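Before any comments, here is the structure.
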Amino acid sequence: RHPLATFFHLFFRVSAIVTYLFCDWFSNSFVACFVTILLLLSFDFWSVKNVTGRLLVGLRWWNQIDEDGKSHWVFEAKRVPTIAASTEAEARIFWLGLIICPVIWTMFFFSTLFSLKLKWLALVIAGISLQSANLYGYIHCKLGGQKTISRATSRLFGTADVPKRQSRRISEDGTEEHGKTGTR
């Protein structure tokens with residue numbers, strides 16, 4: 001069990017949303033509110049990407065640049081044979097937080113746009129971007145990278161074999177990595 005990781009997974013996300021909603025009540029300074037919320041969003045992005053995703057669901061993703069200067073995205077999924085009830089609850093909390101928060105920031109985008117509070121628009125776009133980047137990365141990890149997505153798509157549409165775009169590696173600690181490679 002990882003109660004501290006679960007707490008911080010939700011703490012930074014919820015704090016950024018609550019601060020955005022009630023910042024005008026506590027401070028008249030736009031810059032202070034903007035910086036505080038942006039810091040909370042950044043702390044959330046870092047903690048979810050580097051700590052809570054690995055501890056709560058056994059997933060992580062990153063970008064690495066090879067010697068040729070080419071960027072490669074790596075999606076890693078730890079193979080776990082059985083999930084205990086406590087870790088299943090933590091995984092559910094992880095995914096709910098990961099999915100609900102970008103939806104909330106998207107609602108903030110439309111409310112900011114329609115209320116013509118355009119000075120907050122950059123902050124809301126940053127919130128959507130950071131939250132959606134983590135969601136996108138973890139969905140790729142969960143689905144096993146592009147290979148599994150292509151296989152699921154081909155089964156859904158009944159198409160022939162879709163070209164392989166991901167490579168899989170099993171590292172020494174029993175984790176499975178998916179990284180982009182060229183088509184075959």
Side-chain angles (χ1 to χ4, degrees), residues 1-18 20 37-65 71-109 123-156 162 164-181:
R1 296 188 56 167
H2 304 286
L4 193 61
T6 306
F7 171 77
F8 280 109
H9 176 69
L10 296 176
F11 175 75
F12 291 125
R13 292 174 171 268
V14 172
S15 296
I17 291 170
V18 169
Y20 177 79
I37 296 167
L38 196 57
L39 282 173
L40 288 168
L41 287 169
S42 300
F43 292 153
D44 171 62
F45 180 81
W46 182 87
S47 67
V48 170
K49 183 180 172 305
N50 295 314
V51 179
T52 63
R54 188 180 313 179
L55 292 176
L56 300 179
V57 291
L59 303 173
R60 68 180 179 163
W61 60 275
W62 68 91
N63 183 348
Q64 63 187 35
I65 299 181
S71 176
H72 298 280
W73 289 94
V74 181
F75 304 99
E76 182 179 81
K78 190 171 190 172
R79 291 187 180 181
V80 179
T82 58
I83 298 175
S86 64
T87 58
E88 187 175 315
E90 289 174 345
R92 205 171 279 140
I93 290 169
F94 176 83
W95 286 107
L96 283 173
L98 204 63
I99 293 168
I100 290 172
C101 288
V103 172
I104 292 171
W105 282 103
T106 303
M107 290 188 310
F108 289 163
F109 174 79
L123 180 67
V124 173
I125 290 171
I128 292 171
S129 300
L130 292 171
Q131 302 272 322
S132 298
N134 263 334
L135 179 61
Y136 178 79
Y138 282 112
I139 286 174
H140 269 282
C141 291
K142 181 72 172 171
L143 295 178
Q146 190 69 30
K147 182 176 181 180
T148 307
I149 294 171
S150 298
R151 202 177 320 133
T153 306
S154 66
R155 267 189 254 132
L156 180 65
V162 178
K164 180 179 173 182
R165 296 188 190 275
Q166 293 287 329
S167 67
R168 286 186 163 184
R169 292 187 304 205
I170 308 276
S171 62
E172 294 173 9
D173 63 350
T175 58
E176 185 176 336
E177 297 176 0
H178 310 279
K180 280 198 174 182
T181 61

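For clarity, every value in this text was computed on a predicted model and none was experimentally measured.
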Main-chain N/O of Asp44 paired with Ser47 side-chain donor or acceptor, under 3.5 Å: yes
Separation of Arg54 CZ from Cys141 SG (nearest 0.5 Å): 11.0 Å
Phe43 and Phe12 aromatic ring geometry - parallel, tilted or perpendicular at 30°/60° bounds: tilted
Check against side chain to side chain contact (heavy atoms under 4.5 Å, CB included), Val51 and Trp46: CA-CA 8 Å; Val51 179; Trp46 182 87; 3.9 Å; yes
Check: Gly97 main-chain N/O paired with Arg13 side-chain donor or acceptor under 3.5 Å: yes
Parallel, tilted or perpendicular: ring planes of Phe11 versus Phe7, cut at 30 and 60 degrees: parallel
From Asn134 atom CG to Ile139 atom CD1, the distance as rounded to the nearest 0.5 Å: 11.0 Å
Separation between CG of Leu41 and OG of Ser15, rounded to the nearest 0.5 Å: 10.5 Å
Taking every non-hydrogen atom, the tightest pair across Gln131 and Pro102: CB-CG, 3.7 Å
Inter-residue atom distance Leu96.CG - Cys101.SG, 0.5 Å rounding: 10.0 Å
Parallel, tilted or perpendicular: ring planes of Trp61 versus Trp73, cut at 30 and 60 degrees: tilted
Closest non-hydrogen atom pair between Leu55 and His2, with its separation: O-CD2, 3.3 Å
Ser42 to Leu130 - nearest heavy-atom pair and separation: N-CD1, 4.3 Å
Spacing of CZ belonging to Phe75 relative to CG belonging to Leu59, to within rounding of 0.5 Å: 11.5 Å
Shortest non-hydrogen contact from Gly53 toward Tyr138: CA-OH, 3.4 Å
Ile93 and Leu56, any side-chain heavy atoms less than 4.5 Å apart: no
Heavy-atom pair with the smallest gap, counting every atom of Trp95 and Val57: NE1-CG1, 3.7 Å
Ile17 side chain reached by Phe108 side chain, heavy atoms, under 4.5 Å: yes
Closest non-hydrogen atom pair, Thr52 against Val48: OG1-CA, 3.1 Å
Value rounded to 0.5 Å, distance of NE2 in His72 from CD in Gln64: 7.0 Å
Side chain to side chain, Tyr20 and Val124, heavy atoms closer than 4.5 Å: yes
